[in-house]
Asks: 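Just dropping this structure here.
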Amino acid sequence: MQEAFVALGANIGDRESSLKEALRRLANDPGLKVRRISSVYETAPVGFTDQPAFLNMTVSLETELEPLTLLRRLLEIEQEMGRVRDVRWGPRNIDLDLLVYGEVSMESTELTLPHPRMGERAFVLVPLREIWPPHSTFPWEAEFSSFSLQEEGISRWADWDGLEQRKEI
Ligand code: X6L
Ligand code: MG
Ligand code: MG
């Protein structure tokens with residue numbers, strides 16, 4: 001059994017409902033067990049900045065699926081939820097990115113692990129740091145420490161239980 005870390009993002013449609021729906025689909029997959037769930041953050045768009053703010057969070061999954069099989073399952077959930085790939089780095093109703101899979105380091109056209117650009121992305125590292133196993137070193141601690149939430153346009157939006165109760169904190 002491996003622990004894999006996944007980033008979720010949404011910035012069009014009902015963002016909260018999309019995150020909940022994606023979590024429900026992950027939790028209901030017989031090959032996956034949702035282990036840890038971060039808070040939800042509202043984050044300023046990066047890359048292509050002329051688009052609505054995102055809600056971002058991370059989860060960890062316990063799985064026996066191989067990394068590529070897990071990646072394809074994540075992309076399948078995006079498809080099932082009606083994701084349209086239009087503008088590169090553009091708005092999306094749901095995004096599921098495989099960040100880390102156990103200790104696996106690999107590089108292929110379809111999948112590179114750990115995710116090659118995650119160290120530059122505060123909207124990934126902030127929620128990931130929250131759910132990282134407490135007794136193991138966070139590999140992006142230096143990058144994490146250099147971020148200012150205010151400068152990065154990141155604010156805590158809700159904890160997961162609060163979101164499920166449709167309450168903001
Ligand atoms: C220079 C060039 C600086 C490109 C940054 C960063 C491109 C991130 C793409 C970049 C660059 C991305 C999200 C987002 C996107 C998200 C927030 C991407 C892909 N996804 N902004 N922008 N949250 N806040 O999930 O991650 S597009
Ligand atoms: Mg992404
Ligand atoms: Mg993606």
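Atoms within a ligand are numbered from 1 in the order they appear, just like the ligands themselves. Model, not experiment: these values are computed from the prediction.
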Asks: Going by heavy atoms in the side chains, are Leu99 and Val6 under 4.5 Å from each other?
Replies: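 In short, these two side chains do not touch, never coming nearer than 4.5 Å.
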
Asks: Got an N, O or S from Glu78 under 2.8 Å of the Mg ion (ligand 3)?
Replies: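 Glu78 does not place any N, O or S atom closer than 2.8 Å to the Mg ion (ligand 3).
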
Asks: Are any non-hydrogen protein atoms located under 4.0 Å from atom 3 (C) of ligand 1?
Replies: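 Under the 4.0 Å cut-off, atom 3 (C) of ligand 1 has no protein heavy-atom neighbours at all.
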
Asks: Quick check: of its N, O or S atoms, which one does Asp95 have closest to the Mg ion (ligand 3)?
Replies: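 Closest to the Mg ion (ligand 3) among those atoms: OD1.
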
Asks: Going by the closest heavy atom to atom 16 (C) of ligand 1, which one wins out of Tyr41, Phe48, Phe123?
Replies: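 Among Tyr41, Phe48, Phe123, the closest heavy atom to atom 16 (C) of ligand 1 comes from Phe123.
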
Asks: Should Thr43 be counted as touching ligand 1, given the test is an N or O pair under 3.5 Å?
Replies: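 Yes, at least one N or O pair falls under 3.5 Å.
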
Asks: Where do Glu130 and Ser39 land on the side-chain hydrogen bond (donor to acceptor under 3.5 Å, both in side chains) test, with the steps shown first?
Replies: CA-CA 8 Å; Glu130 255 186 38; Ser39 307; 3.1 Å; yes

Asks: Do Glu3 and Ser60 meet the criterion of a side-chain donor-acceptor pair at a distance under 3.5 Å?
Replies: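 Checked: Glu3/Ser60 side chains pair up, N/O donor to acceptor below 3.5 Å.
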
Asks: Is there any N or O on Ala44 that sits under 3.5 Å from an N or O of ligand 1?
Replies: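 Indeed, backbone or side chain, Ala44 has an N or O that close.
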
Asks: Report the residue from Val40, Asn56, Val59 that forms a side-chain contact (heavy atoms from CB on, under 4.5 Å) with Leu8.
Replies: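 Only one option passes, and that is Val59.
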
Asks: List ligand 1 atoms under 4.0 Å from Asn56, heavy atoms only on the residue side.
Replies: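 Listed by number with element: 16 (C), 17 (C), 23 (N), 24 (N), 25 (O).
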
Asks: Fit a plane to each ring of Phe54 and Phe123, take the angle between them on a 0 to 90° scale, and name the class: parallel (under 30°), tilted (30 to 60°) or perpendicular (over 60°).
Replies: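 It falls in the parallel class, under 30°.
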
Asks: With a 6.0 Å cut-off on the ring centroids, do Trp157 and Tyr41 count as close?
Replies: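 Not close enough - the centres of the two rings lie 6.0 Å or further apart.
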
Asks: Among protein heavy atoms, which lies nearest atom 12 (C) of ligand 1, and at what distance?
Replies: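 So the nearest neighbour among protein heavy atoms is Arg121 NH2, 3.4 Å.
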
Asks: Is it the case that ligand 1 has an N or O less than 3.5 angstrom from some N or O of Phe54?
Replies: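 Min N/O separation from ligand 1 is not below 3.5 Å for Phe54.
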
Asks: Mind checking whether Ile154 and Val124 sit in one hydrophobic cluster, side chains of I, L, V, M, F, W, Y counted as touching below 4.5 Å?
Replies: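 Yes.
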
Asks: What protein heavy atom lies closest to atom 19 (C) of ligand 1? Include the residue and the distance to one decimal.
Replies: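 Ranking protein heavy atoms by distance from atom 19 (C) of ligand 1, first comes Trp89 CD1, 3.7 Å.
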
Asks: Closest non-hydrogen protein atom to atom 10 (C) of ligand 1, residue and atom name please, with distance?
Replies: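 So the nearest neighbour among protein heavy atoms is Gly47 CA, 3.5 Å.
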
Asks: Are more than 12 heavy atoms from other residues, nucleotides or ligands located less than 6.0 Å from atom CG of Asp50?
Replies: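 Counting other residues, nucleotides and ligands, CG of Asp50 stays at 12 neighbours or fewer.
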
Asks: Which N, O or S atom name in Asp97 marks its closest approach to the Mg ion (ligand 3)?
Replies: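 Sorting the N, O and S atoms of Asp97 by distance to the Mg ion (ligand 3) puts OD1 first.
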
Asks: Measuring only between side-chain heavy atoms, which start at C-beta, is Glu16 closer than 4.5 Å to Lys20?
Replies: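 SC-SC contact between Glu16 and Lys20 confirmed.
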
Asks: Tell me: protein heavy atom nearest atom 22 (N) of ligand 1, and distance?
Replies: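 Going by distance alone, atom 22 (N) of ligand 1 is nearest to Val46 O, 2.8 Å.
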
